[in-house]
Amino acid sequence: MAVSITGRHGWSDGTWAYLNDPRMPAMEHGWKLHVSARPGDLDTVIRLVLPVLSRHVCHAKFARDAETLRRLNSGVVSAGAVGKAITVYPAAGAVVEVARELVAVLRDREGPRVVSDRRVDPRAPVYYRYGPFTGDYRTGRSGRLESVIDRAGRPDLRRSGRRPLPVPALGRGPLRERHRTW
């Protein structure tokens, strides 16, 4: 399925279809949302998600097709890729509103658990975590490449999908206490 939103710049590679919003401020890191889906539901989930994203300043990437999502969900690519059918990079002040709208349109849908993230609402396959928006890397102590969260070189401490990245001094996160009332 081709993804497009008027006014957004789109392109794709072998795994992802990307939509960039020219209004989005440059951000090295922040809160990101993951939407989980099963391969057979990918097109339907994308159709439900696109109108939500069109109302907000954000970048997004989508599994390119059902076969790609099947590969991602299998864990062969990486344990950390399982469940990540769509990743949304919202502007700093919009994460709660975007998450709320995604939960509303995806309520009662199913998808694999995103083990690196916290679930926004138990009734919808929408997850969140704090992490890098850019693909910056450095050579770690072991000599292997490791992801960094910002230009200061702070490492992204996730371990292949086993725990969320520690939240910065902001606190527990914008969604931690609010999701129970949705």
Side-chain angles (χ1 to χ4, degrees), residues 1 3-5 8 10 15-21 23-38 41-64 68-69 72-73 78-135 147 149-150 156 158 161 163-168 170-182:
M1 170 178 202
V3 294
S4 67
I5 296 175
R8 311 275 171 112
T15 304
W16 303 105
Y18 300 88
L19 284 178
N20 277 2
D21 188 330
R23 303 167 299 167
M24 179 76 175
M27 296 170 56
E28 293 178 345
H29 50 87
W31 294 102
K32 57 175 80 175
L33 301 167
H34 288 113
V35 172
S36 181
R38 301 200 187 288
D41 295 331
L42 181 62
D43 287 351
T44 300
V45 169
I46 289 173
R47 278 199 272 311
L48 293 168
V49 167
L50 283 174
V52 173
L53 302 185
S54 73
R55 293 189 291 272
H56 297 279
V57 174
C58 62
H59 295 321
K61 69 180 183 181
F62 306 78
R64 204 177 140 134
T68 299
L69 183 57
L72 292 169
N73 284 350
S78 110
V82 174
K84 296 177 181 175
I86 302 169
T87 303
V88 180
Y89 306 90
V95 66
V96 172
E97 189 174 351
V98 175
R100 183 181 299 128
E101 289 184 35
L102 289 172
V103 164
V105 300
L106 297 171
R107 184 163 279 126
D108 298 326
R109 293 206 159 268
E110 295 183 4
R113 181 170 172 250
V114 178
V115 297
S116 61
D117 297 13
R118 292 183 176 108
R119 198 163 188 165
V120 174
D121 184 297
R123 299 165 294 179
V126 182
Y127 297 81
Y128 72 102
R129 74 172 166 85
Y130 193 88
F133 281 11
T134 60
S147 175
I149 193 167
D150 59 20
D156 176 351
R158 289 174 295 138
R163 69 177 183 185
L165 180 70
V167 177
L170 302 171
R172 289 183 292 217
L175 302 166
R176 180 92 174 175
E177 299 302 321
R178 299 173 195 217
H179 78 273
R180 291 188 180 104
T181 62
W182 298 0

- Could you give the distance from NE2 (His59) to OG1 (Thr87), rounded to the nearest 0.5 Å? 13.0 Å
- Task: Taking the side chain as every heavy atom from C-beta outward, state whether Phe62 and Leu42 have any atom pair closer than 4.5 Å.
- Result: no
- So do Lys61 and Lys84 actually touch side chain to side chain, heavy atoms under 4.5 Å? no
- What residues, two or more places apart in sequence or in another chain, satisfy side-chain hydrogen bond (donor to acceptor under 3.5 Å, both in side chains) together with Asp21? Arg8, Arg23
- Can you name the nearest heavy-atom pair linking Pro90 to Val98, along with the distance? CB-CG2, 4.3 Å
- Note on the structure: CG of Leu48 to CZ of Arg107, rounded to nearest 0.5 Å, is 13.0 Å
- Message: Just to verify, what does Tyr18 make a side-chain hydrogen bond (donor to acceptor under 3.5 Å, both in side chains) with, not counting sequence neighbours?
- Response: Asp13
- Task: Using modelled atom types only, decide if a donor and an acceptor are shared between the side chain of Ser36 and the backbone of Pro112 within a distance under 3.5 Å.
- Result: yes
- Are any non-hydrogen side-chain atoms of Val95 and Val88 less than 4.5 angstrom apart? no
- Note on the structure: Between Ala17 and Val3 the two heavy atoms that sit nearest each other are CB-CG2, 3.7 Å
- Note on the structure: Correct closest heavy-atom pair for Ser54 and Pro51 would be OG-O, 2.7 Å
- Item | Sub-4.5 Å side-chain heavy-atom contact between Arg119 and Tyr127 | yes
- Message: Keeping Asn73 on the side-chain end and Ala37 on the backbone end, is there a donor-acceptor pair under 3.5 Å?
- Response: yes
- Message: Students often mix this up, so state it plainly: with edges at 30° and 60°, are the rings of Trp31 and Tyr130 parallel, tilted or perpendicular?
- Response: perpendicular
- Do Leu102 and Val49 have side chains that get closer than 4.5 Å, going by heavy atoms? yes
- Query: Between Val45 and Leu106, does a side chain to side chain contact (heavy atoms under 4.5 Å, CB included) hold up when you go through it step by step?
  - Reply: CA-CA 7 Å; Val45 169; Leu106 297 171; 4.0 Å; yes
- Query: Would you say Val57 and Met24 make side-chain contact, with heavy atoms under 4.5 Å?
  - Reply: yes
- Message: I'd like to check Arg118 versus Arg129 (side-chain heavy atoms, cut-off strictly below 4.5 Å). Are they in contact?
- Response: no
- Item | Side chains of Leu19 and Leu53 in contact at under 4.5 Å (non-hydrogen atoms) | no
- Looking only at heavy atoms, which two atoms of Ala63 and Leu69 are closest? And how far apart? CB-CB, 4.0 Å
- In Å and rounded to the nearest 0.5 Å, what is the CG to CG distance from Asp117 to Leu33? 9.0 Å
